[in-house]
Amino acid sequence: HLQLVESGGGAVQPGGSLRLSCAASRAPLFTLAYYSIGWFRQAPGKEREGVACISSNGVSTRYADSVKGRFTTSRDNTNNTVYLQMNSLKPEDSAVYYCAAPFGDYVSLHDNDYDYWGQGTQVTVSS
(Lines give C-alpha, C1' and ligand atoms only; values in the text may rest on other atoms or scores of the structure.)
Protein backbone atom coordinates (compact mmCIF):
# COMPACT_ATOMS: atom_id res chain seq x y z
CA HIS A 1 0.00 0.00 0.00
CA LEU A 2 0.97 3.65 -0.32
CA GLN A 3 3.56 4.80 2.20
CA LEU A 4 4.27 8.49 2.69
CA VAL A 5 7.38 10.18 4.00
CA GLU A 6 7.59 13.80 5.18
CA SER A 7 10.79 15.82 5.35
CA GLY A 8 11.89 19.41 5.83
CA GLY A 9 10.86 20.02 9.41
CA GLY A 10 13.11 21.76 11.90
CA ALA A 11 13.48 24.71 14.23
CA VAL A 12 12.97 28.28 13.04
CA GLN A 13 12.48 31.69 14.59
CA PRO A 14 9.12 33.49 14.44
CA GLY A 15 8.65 35.09 11.06
CA GLY A 16 10.81 32.49 9.39
CA SER A 17 9.99 29.96 6.68
CA LEU A 18 10.18 26.23 6.12
CA ARG A 19 9.23 24.00 3.23
CA LEU A 20 7.95 20.52 3.95
CA SER A 21 8.00 17.76 1.39
CA CYS A 22 5.86 14.65 1.09
CA ALA A 23 6.99 11.73 -1.04
CA ALA A 24 5.97 8.15 -1.66
CA SER A 25 8.52 5.90 0.00
CA ARG A 26 8.04 3.06 -2.47
CA ALA A 27 8.29 5.02 -5.68
CA PRO A 28 8.18 4.26 -8.54
CA LEU A 29 5.97 1.37 -7.45
CA PHE A 30 3.58 3.98 -6.00
CA THR A 31 3.14 7.45 -7.39
CA LEU A 32 1.55 10.42 -5.67
CA ALA A 33 0.21 11.71 -9.00
CA TYR A 34 -3.03 9.74 -8.54
CA TYR A 35 -3.71 11.01 -5.03
CA SER A 36 -4.87 14.22 -3.50
CA ILE A 37 -2.73 15.07 -0.47
CA GLY A 38 -3.65 16.67 2.81
CA TRP A 39 -1.39 18.32 5.34
CA PHE A 40 -2.21 18.01 9.03
CA ARG A 41 -0.54 19.01 12.25
CA GLN A 42 -0.80 18.02 15.86
CA ALA A 43 0.63 19.90 18.81
CA PRO A 44 1.01 18.30 22.25
CA GLY A 45 -2.32 18.12 24.04
CA LYS A 46 -4.26 19.28 20.99
CA GLU A 47 -6.37 17.55 18.37
CA ARG A 48 -4.99 16.94 14.91
CA GLU A 49 -5.79 19.87 12.62
CA GLY A 50 -6.07 19.93 8.84
CA VAL A 51 -4.06 22.85 7.46
CA ALA A 52 -3.98 22.41 3.68
CA CYS A 53 -4.86 20.02 0.90
CA ILE A 54 -4.36 19.74 -2.83
CA SER A 55 -6.05 17.70 -5.54
CA SER A 56 -4.12 15.15 -7.59
CA ASN A 57 -3.77 17.53 -10.55
CA GLY A 58 -2.94 20.50 -8.33
CA VAL A 59 -5.91 22.55 -9.53
CA SER A 60 -7.87 22.57 -6.26
CA THR A 61 -6.51 23.57 -2.89
CA ARG A 62 -7.99 24.36 0.50
CA TYR A 63 -6.50 25.97 3.59
CA ALA A 64 -7.43 26.32 7.22
CA ASP A 65 -8.21 29.88 8.24
CA SER A 66 -5.29 29.79 10.66
CA VAL A 67 -2.77 29.45 7.81
CA LYS A 68 -4.40 31.26 4.88
CA GLY A 69 -2.05 33.73 3.29
CA ARG A 70 0.97 32.17 5.00
CA PHE A 71 1.03 28.53 3.84
CA THR A 72 0.95 27.28 0.27
CA THR A 73 0.73 23.70 -0.89
CA SER A 74 1.88 22.67 -4.35
CA ARG A 75 2.96 19.56 -6.13
CA ASP A 76 5.41 18.34 -8.73
CA ASN A 77 3.96 15.13 -10.09
CA THR A 78 6.96 14.64 -12.35
CA ASN A 79 9.12 14.33 -9.24
CA ASN A 80 6.40 12.57 -7.23
CA THR A 81 6.51 15.18 -4.45
CA VAL A 82 4.03 17.46 -2.71
CA TYR A 83 5.16 20.57 -0.84
CA LEU A 84 3.94 22.76 1.98
CA GLN A 85 5.61 26.16 1.95
CA MET A 86 5.23 27.81 5.33
CA ASN A 87 6.00 31.50 5.66
CA SER A 88 5.62 34.02 8.49
CA LEU A 89 5.73 31.20 10.97
CA LYS A 90 4.37 31.75 14.45
CA PRO A 91 5.03 29.88 17.71
CA GLU A 92 1.50 28.47 17.50
CA ASP A 93 2.48 26.73 14.26
CA SER A 94 4.76 24.44 16.25
CA ALA A 95 3.57 20.85 15.87
CA VAL A 96 4.27 17.54 14.21
CA TYR A 97 3.21 17.88 10.58
CA TYR A 98 1.84 14.96 8.60
CA CYS A 99 0.93 14.40 4.99
CA ALA A 100 -1.88 12.01 4.14
CA ALA A 101 -3.72 10.61 1.14
CA PRO A 102 -7.31 9.44 0.75
CA PHE A 103 -8.62 6.61 -1.41
CA GLY A 104 -10.49 9.12 -3.55
CA ASP A 105 -9.31 12.25 -5.31
CA TYR A 106 -10.98 14.98 -3.29
CA VAL A 107 -9.77 17.82 -1.16
CA SER A 108 -10.69 17.74 2.51
CA LEU A 109 -9.34 19.10 5.77
CA HIS A 110 -10.98 16.33 7.79
CA ASP A 111 -8.57 13.65 8.93
CA ASN A 112 -11.30 10.99 8.85
CA ASP A 113 -11.28 11.28 5.05
CA TYR A 114 -7.69 10.10 4.80
CA ASP A 115 -6.38 6.55 4.68
CA TYR A 116 -2.61 6.71 4.26
CA TRP A 117 -0.38 8.69 6.61
CA GLY A 118 3.27 9.55 6.90
CA GLN A 119 5.24 9.34 10.13
CA GLY A 120 5.35 13.11 10.64
CA THR A 121 8.04 15.77 10.87
CA GLN A 122 8.54 18.17 13.76
CA VAL A 123 8.26 21.92 13.23
CA THR A 124 9.30 24.16 16.12
CA VAL A 125 8.89 27.94 15.96
CA SER A 126 10.63 29.66 18.82
CA SER A 127 12.89 32.58 19.54
Side-chain angles (χ1 to χ4, degrees):
H1 63 275
L2 181 66
Q3 294 178 340
L4 302 173
V5 179
E6 304 92 342
S7 61
V12 64
Q13 292 186 341
S17 299
L18 283 173
R19 188 177 77 161
L20 305 184
S21 298
C22 175
S25 64
R26 297 169 67 188
L29 181 62
F30 289 95
T31 174
L32 292 187
Y34 302 126
Y35 297 89
S36 57
I37 295 293
W39 290 96
F40 296 82
R41 66 186 181 187
Q42 189 165 24
K46 294 188 177 182
E47 292 188 353
R48 188 160 53 191
E49 173 190 17
V51 297
C53 52
I54 185 168
S55 59
S56 61
N57 61 8
V59 171
S60 297
T61 56
R62 290 183 63 186
Y63 297 92
D65 289 342
S66 57
V67 306
K68 277 182 183 176
R70 301 188 299 121
F71 290 13
T72 302
T73 186
S74 61
R75 64 191 306 152
D76 181 349
N77 284 343
T78 300
N79 289 318
N80 209 24
T81 305
V82 178
Y83 303 100
L84 182 67
Q85 178 68 44
M86 306 185 296
N87 298 329
S88 302
L89 283 162
K90 305 174 181 180
E92 52 263 43
D93 294 318
S94 298
V96 177
Y97 282 71
Y98 302 88
C99 65
F103 282 131
D105 185 18
Y106 47 85
V107 289
S108 168
L109 295 178
H110 299 291
D111 58 359
N112 287 342
D113 290 332
Y114 288 81
D115 304 285
Y116 305 110
W117 291 82
Q119 83 291 346
T121 185
Q122 177 70 47
V123 171
T124 302
V125 184
S126 173
S127 56

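The basis for the numbers below is simple: all heavy atoms, side chains too, and nothing from hydrogens, waters or symmetry mates.
- Side chain of T124 to main chain of A11: no donor-acceptor pair is present (N/O by atom type, distance under 3.5 Å, no hydrogens or angles).
- To the nearest 0.5 angstrom, L20 atom CG is 8.0 Å from F71 atom CZ.
- In this structure, OG1 on T72 lies 6.5 Å from CG on N87, to the nearest 0.5 angstrom.
- Side-chain heavy atoms closer than 4.5 Å link hydrophobic residues (I, L, V, M, F, W, Y) into clusters, and following such links, even through other members, never connects Y83 to L32.
- In terms of modelled atom types and a separation under 3.5 Å, the side chain of Q42 and the main chain of E47 share no donor-acceptor contact.
- In this structure a side-chain-to-backbone donor-acceptor pair under 3.5 Å is missing from R48 to Y98.
- Between the side chain of Q85 and the backbone N or O of R19 there is no donor-acceptor pair closer than 3.5 Å.
- In this model, no donor atom of one side chain and acceptor atom of the other lie less than 3.5 Å apart for D76 and T81.
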>> Please evaluate residues K68 and D65 with respect to the criterion salt bridge (Lys or Arg N to Asp or Glu O under 4.0 Å), reporting the C-alpha separation (whole Å), side-chain torsions for both, the decisive distance (0.1 Å), and the verdict.
In response: CA-CA 5 Å; K68 277 182 183 176; D65 289 342; 3.2 Å; yes
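- When all heavy atoms of Y63 and T73 are compared, the closest pair comes out as OH-N, 2.9 Å.
- Between W117 and F40, the ring planes lie tilted relative to each other; the angle falls in the 30° to 60° range.
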>> Using side chain to side chain contact (heavy atoms under 4.5 Å, CB included), reason through D93 and V123 one step at a time and then give a plain yes or no.
In response: CA-CA 8 Å; D93 294 318; V123 171; 5.5 Å; no
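- Rounding to the nearest 0.5 angstrom, the gap separating the CZ atom in R75 from the OG atom in S55 is 7.0 Å.
- Within the 4.5 Å cutoff, no side-chain heavy atoms of S60 are placed close to those of I54.
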> Can E49 and S66 be said to form a side chain to side chain donor-acceptor pair (under 3.5 Å), step by step?
Replying inline: CA-CA 10 Å; E49 173 190 17; S66 57; 3.1 Å; yes
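- Using a 3.5 Å distance cut-off with no hydrogens or angles, the side chains of Q3 and S25 do pair a donor with an acceptor.
- A cation-pi arrangement is not found for R41 relative to Y97, the charged atom failing to lie both closer than 6.0 Å to the ring centre and inside a 45° cone about the ring normal.
- For the pair V96/T121, no side-chain contact is recorded, criterion being any heavy-atom separation below 4.5 Å from C-beta on.
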>> Would L109 and C53 count as a side chain to side chain contact (heavy atoms under 4.5 Å, CB included) here? Give the steps.
In response: CA-CA 7 Å; L109 295 178; C53 52; 3.8 Å; yes
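- Counting only distance, with no hydrogens or angles, the side chain of R70 and the backbone of S88 share a donor-acceptor pair below 3.5 Å.
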> Do F103 and Y116 pass the ring-ring contact (aromatic ring centres under 6.0 Å, His included) test, and can you show the C-alpha distance, the side-chain angles, and the key distance before you say yes or no?
Replying inline: CA-CA 8 Å; F103 282 131; Y116 305 110; 5.4 Å; yes
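- Exactly one of T31, N77, D105 qualifies for a side chain to side chain donor-acceptor pair (under 3.5 Å) with S56. That residue is D105.
- A distance-only check finds no donor-acceptor pair linking the side chain of D113 to the backbone of S108 [under 3.5 Å].
- Hydrophobic clustering of Ile, Leu, Val, Met, Phe, Trp and Tyr side chains at less than 4.5 Å, counting indirect connections, unites V51 with L89.
- Of the possible polar contacts, none joining the Q119 side chain to the V5 backbone as a donor-acceptor pair under 3.5 Å is found.
- To the nearest 0.5 Å, atom CG of residue L4 and atom SG of residue C99 are 4.5 Å apart.
- Taking every heavy atom of both residues into account, S127 and P14 meet most closely at N-CD, 3.7 Å.
- Other residues, nucleotides and ligands place more than 12 heavy atoms under 6.0 Å from the OH atom of Y106.
- Shown here for V125 and S94, the closest heavy-atom pair between the two residues is N-OG, 2.8 Å.
- Atom CG of L18 and atom CG of L84 lie 9.5 Å apart (nearest 0.5 Å).
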>> Using side chain to side chain contact (heavy atoms under 4.5 Å, CB included), reason through V82 and Y35 one step at a time and then give a plain yes or no.
In response: CA-CA 10 Å; V82 178; Y35 297 89; over 6 Å; no
